[in-house]
Chemist: 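I have a structure I would like to understand better, so I am pasting it below and will then ask my questions one at a time.
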Amino acid sequence: MNATQIDRARIESLVRRAIAGGLGTSSASRPDIGLSHDPPGWVDGKPNLRVSISARHVHLTDEHVEILFGAGSVLEPDKDLYQDGFYAAKQTVMIVGPRRRMLPSVRVLGPTRGASQVELAFTDSISLGIDAPVRHSGHIDGTPGCVLVGPVGSVQLEQGVIWAARHVHMNYFDADHFGVSNGDMMQLKVTSHECTTVFDDVLVRADEAAKLEVHIDTDEGNACFLDGASKVELTKGGCGCHQ
């Protein structure tokens, strides 16, 4: 998808809002204006919220894939993720921290990236003995490193280990519906029996093709008893901080 196409998607969203305003209705109440079908992830003319637990995982560069799994190796898709074009690979690696603490068989996610990155929950970082900071994906400057071990070789990462911050993927139609933009903060409420939890600082990551999905880590998912949740609500809010 090139920049012109991205701009067109955003422009269409804005046009929908303007047309709806002229008709005396909100864009949220008329999501079908200008569309021949629902936007990605929508069901029956409205956003369909999914909240997923993002367990520990690794992103690799092409170079590191070959070092870890052998010359000429590429990531082999095993299971498609909810976001189109992304997948859990068949390959796994061992993560080794200080004093030889380790996590075996950590899943690699694809496709490959420009920089390798390890995303952990807080308890994972404690287990490894790594003081991983809370960061959003791709923001790895100044973060600690680790050793990745594959069946063929190993890689010493000088940086790239983060405690992944919670965030929500959405497309521009979702953003229009909620009245938010890329980089804004939202609030997630998970209603569970005697365990209802509210998460602030949910970063909006909007693009033209994403489907509405909140990612929280395993610690957060356990804390709110996501598996037993009776209701999840995403609202505009949060502190407005940016990381």
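None of these values were measured; they are calculated from a predicted model.
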Chemist: How far apart are the C-alpha atoms of C146 and V118, what are their side-chain angles, what is the distance that settles it, and do they pass the side-chain contact (heavy atoms from CB on, under 4.5 Å) test?
Modeler: CA-CA 9 Å; C146 67; V118 176; 4.0 Å; yes
Chemist: If you compare all heavy atoms of E66 against all heavy atoms of G72, which two are closest, and at what distance to 0.1 Å?
Modeler: OE1-N, 2.6 Å
Chemist: Check whether any side-chain N or O of R50 sits under 3.5 Å from a backbone N or O of L212 as a donor-acceptor pair, and report yes or no.
Modeler: no
Chemist: Are any non-hydrogen side-chain atoms of R205 and S137 less than 4.5 angstrom apart?
Modeler: yes
Chemist: Would I162 end up clustered with V155 when hydrophobic side chains under 4.5 Å apart are linked, directly or stepwise?
Modeler: no
Chemist: Report yes or no: do I67 and V147 belong to one cluster of Ile/Leu/Val/Met/Phe/Trp/Tyr joined by side chain heavy-atom distances under 4.5 Å?
Modeler: no
Chemist: Is the backbone N or O of Y172 less than 3.5 Å from a side-chain atom of D176, with the two atoms forming a donor-acceptor pair by type?
Modeler: no
Chemist: Would the distance check show the side chain of R135 and the main-chain N or O of D141 forming a donor-acceptor pair, the cut-off being under 3.5 Å?
Modeler: yes
Chemist: Determine yes or no for a side-chain-to-main-chain donor-acceptor pair under 3.5 angstrom, with D78 supplying the side chain and A88 the backbone.
Modeler: no
Chemist: Mind running side-chain contact (heavy atoms from CB on, under 4.5 Å) on V161 and T143 for me, showing each step along the way?
Modeler: CA-CA 6 Å; V161 181; T143 58; 5.7 Å; no
Chemist: Give the intermediate values and the outcome of side chain to side chain donor-acceptor pair (under 3.5 Å) for residues H57 and E119.
Modeler: CA-CA 6 Å; H57 61 270; E119 297 187 29; 3.3 Å; yes
Chemist: Using the rule that Ile, Leu, Val, Met, Phe, Trp and Tyr join whenever any side-chain heavy atoms are under 4.5 Å apart, tell me whether L109 and L120 fall into a single cluster.
Modeler: no
Chemist: Going through the checks in order, is the side-chain contact (heavy atoms from CB on, under 4.5 Å) test met by L148 and L60?
Modeler: CA-CA 10 Å; L148 302 179; L60 296 174; 3.7 Å; yes
Chemist: Do you see a donor-acceptor pair shorter than 3.5 Å between the side chains of S127 and R56?
Modeler: no
Chemist: Closer than 3.5 angstrom, by distance alone: can the side chain of Q117 be matched with the main-chain N or O of G138 as a donor-acceptor pair?
Modeler: yes
Chemist: Who pairs with A210 by side-chain contact (heavy atoms from CB on, under 4.5 Å), at least two apart in sequence or on another chain?
Modeler: Q83, H169, D207
Chemist: Heavy atoms only: give me the nearest I53-G221 pair and the separation to one decimal.
Modeler: CD1-CA, 3.8 Å
Chemist: Determine whether a donor-acceptor pair (N or O, by modelled atom type, separation under 3.5 Å) exists between the side chain of D174 and the backbone of N171.
Modeler: yes
Chemist: Please say yes or no: joined through hydrophobic side-chain contacts below 4.5 Å, possibly via intermediate residues, are F86 and Y82 part of one cluster?
Modeler: no
Chemist: Evaluate the criterion side-chain contact (heavy atoms from CB on, under 4.5 Å) for residue pair D200 and M185; output intermediate values, then yes/no.
Modeler: CA-CA 8 Å; D200 286 325; M185 292 292 181; over 6 Å; no
Chemist: Any idea which heavy atoms bring S181 and D184 closest together, and the distance?
Modeler: N-OD2, 2.8 Å
Chemist: Partners of F122 by ring-ring contact (aromatic ring centres under 6.0 Å, His included), sequence neighbours excluded?
Modeler: W163
Chemist: Would you say the side-chain atoms of Q187 pair up with the backbone N or O of E233, donor to acceptor, closer than 3.5 Å?
Modeler: no
Chemist: So among E63, Q159, H64, which one has a side-chain hydrogen bond (donor to acceptor under 3.5 Å, both in side chains) with S116?
Modeler: H64
Chemist: I'd like to know if L103 and I130 are part of one continuous hydrophobic network [Ile/Leu/Val/Met/Phe/Trp/Tyr, side-chain heavy atoms within less than 4.5 Å].
Modeler: yes
Chemist: Would you say CG of N48 has more than 12 non-hydrogen atoms from neighbouring residues, nucleotides or ligands within 6.0 angstrom?
Modeler: yes
Chemist: With a 3.5 Å cut-off and sequence neighbours excluded, list the donor-acceptor pairs that the side chains of residues 191-199 form with protein atoms.
Modeler:
residue: S192; atom: OG; partner: C224; partner atom: O; Å: 2.8
residue: S192; atom: OG; partner: F225; partner atom: O; Å: 3.1
residue: T196; atom: OG1; partner: S192; partner atom: N; Å: 3.4
residue: T196; atom: OG1; partner: S192; partner atom: O; Å: 3.3
residue: T197; atom: OG1; partner: C195; partner atom: O; Å: 3.0

